[in-house]
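Here the structure is laid out as structure tokens; the discussion comes afterwards.
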Protein chains: 2
Amino acid sequence: MKDLVSRCPIEEVMQVLSGRWPTLLIYYLKDGTKRFSDLRRDNPTVSHRILTLELRKLEKAGIVRRTVFDGYPLRVEYDLTPSGLTLLPLVDALGDWWEARDARRPAPQMKTAAEAAAVS
Amino acid sequence: MKDLVSRCPIEEVMQVLSGRWPTLLIYYLKDGTKRFSDLRRDNPTVSHRILTLELRKLEKAGIVRRTVFDGYPLRVEYDLTPSGLTLLPLVDALGDWWEARDARRPAPQMKTAAEAAAVS
DNA sequence: TGTAAATTACGCACATTTTTGTCACCACGC
DNA sequence: GCGTGGTGACAAAAATGTGCGTAATTTACA
């Protein structure tokens with residue numbers, strides 16, 4: 001998703017929120033200020049490069065604030081901006097919608113993991 | 001985003017909604033039933049292959065319903081499921097949030113396009 | 001007391017993986 | 001041959017990962 005194809009705000013938000021990490025990072029920052037290494041621990045599968053890139057993207061979007069303290073063993077803190085805080089309930093709502101939808105779905109469904117296993 | 005790294009519903013929704021097209025398609029289907037070719041016209045930059053793939057993904061997620069009519073010039077219709085309809089306001093809310101955030105942002109900001117142009 | 005090693009939060013170059021696009025092709029009836 | 005709604009093979013592009021280097025200071029150890 002390098003560039004936009006419409007002037008639609010929906011496409012613009014998705015440009016920022018698309019992918020696995022942005023929403024998860026927002027979710028983890030819900031608890032308050034975190035350091036870079038905290039976020040890595042929260043999600044061990046993200047590479048440090050991608051984590052920095054995603055955080056910068058969120059910063060540019062005005063969702064996350066990055067604070068650098070100079071000193072001994074370098075220290076950078078991340079937290080949600082006021083704007084980011086207003087986004088939080090929307091992201092949560094999507095999660096809730098997904099769960100509710102799961103409950104709503106007709107019976108003959110399988111979890112994706114089970115499906116994958118079954119195909120083998 | 002081939003597979004999940006957490007059991008978090010947020011990650012699961014994003015697996016479906018990530019990318020440029022899913023939310024835009026949902027948005028276009030807001031107006032009601034559309035045919036495949038209508039959706040292509042709504043968004044001329046999506047390749048037909050991706051359009052089918054995205055629609056199938058949304059179908060599997062229970063957001064979109066696909067109806068095939070057999071007859072002369074083949075005919076397939078797409079519309080939102082009840083579940084998809086409940087998702088709609090959430091997607092709209094994201095768009096609204098983005099616009100509101102734009103208004104909220106401090107003055108010395110540039111549009112990304114302008115930035116890109118300026119760098120050259 | 002001197003020296004090596006670890007820590008933190010990255011940036012950079014390169015490699016791999018994943019996603020997306022292109023093009024050709026199919027069946028159907030007109 | 002046209003338009004409809006696709007599918008499949010292959011290619012290009014984009015996203016993501018890997019491993020190394022860096023700064024300043026602290027700690028480990030002899």
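In what follows, chains are A, B, ... by sequence order, proteins preceding strands, each numbered from 1. Both backbone and side-chain heavy atoms feed into the values below; hydrogens, waters and symmetry mates do not.
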Nearest-angstrom distance from the residue atom [atom1] of [X] to [atom2] of [N]:
X     : N      : atom1 : atom2 : value
B/L51 : C/dG21 : CG    : P     : 10 Å
A/D3  : C/dG21 : CG    : P     : 11 Å
A/R49 : C/dT17 : CZ    : C1'   : 13 Å
A/L74 : C/dA6  : CG    : P     : 18 Å
A/F36 : C/dT7  : CZ    : P     : 15 Å
A/D38 : C/dC10 : CG    : P     : 12 Å
B/Q15 : C/dT18 : CD    : C1'   : 13 Å
B/L17 : C/dT19 : CG    : C1'   : 17 Å

Need one value for [X]: base, sugar-phosphate or nothing, where a base atom within 4.0 Å counts as base even if backbone is also close, heavy atoms only.
X     : answer
B/F69 : nothing
A/E77 : nothing
A/R40 : nothing
A/S18 : nothing
B/R20 : nothing
B/S37 : sugar-phosphate

Has A/R75 got a side-chain N or O lying under 4.0 Å from the OP1 or OP2 atom of C/dT7?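 Checking A/R75 against C/dT7: no side-chain N or O falls below 4.0 Å of OP1 or OP2.
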
So, A/W98 versus B/E12: side-chain donor-acceptor pair below 3.5 Å or not?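 The answer is yes; a qualifying pair exists.
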
Note, [X] side chain near [Y] side chain (heavy atom, < 4.5 Å):
X     : Y     : result
B/Y78 : B/T33 : no
A/V76 : A/F69 : no
B/L74 : B/F36 : no

Would you indicate which nucleotide in C/dT7, C/dC10, C/dT19 comes nearest to any side-chain atom of B/M1?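 So the nucleotide nearest the side chain must be C/dT19.
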
With DNA chain D as reference, determine whether B/V76 or A/T45 sits nearer its 5' end, using the nearest nucleotide of each.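 Between the two, 5'-proximity favours B/V76.
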
Salt bridge [X]-[Y], side-chain N to carboxylate O under 4.0 Å:
X     : Y     : result
A/D38 : A/R35 : no
A/D70 : A/R75 : no
B/E11 : A/R20 : yes

When only distance counts, do a donor and an acceptor, one from the side chain of B/H48 and one from the base of C/dG21, lie under 3.5 Å apart?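 A donor-acceptor contact between them is absent.
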
Set out, in order, the CA-CA distance, both residues' side-chain angles and the distance that settles side chain to side chain contact (heavy atoms under 4.5 Å, CB included) for B/K34 and B/D79, then state yes or no. CA-CA 6 Å; B/K34 297 239 176 170; B/D79 60 354; over 6 Å; no

DNA chain D: 5'-most and 3'-most nucleotides touching chain A, 4.0 angstrom heavy-atom criterion: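 Terminal contacting nucleotides, 5' to 3': D/dA14 to D/dT26.
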
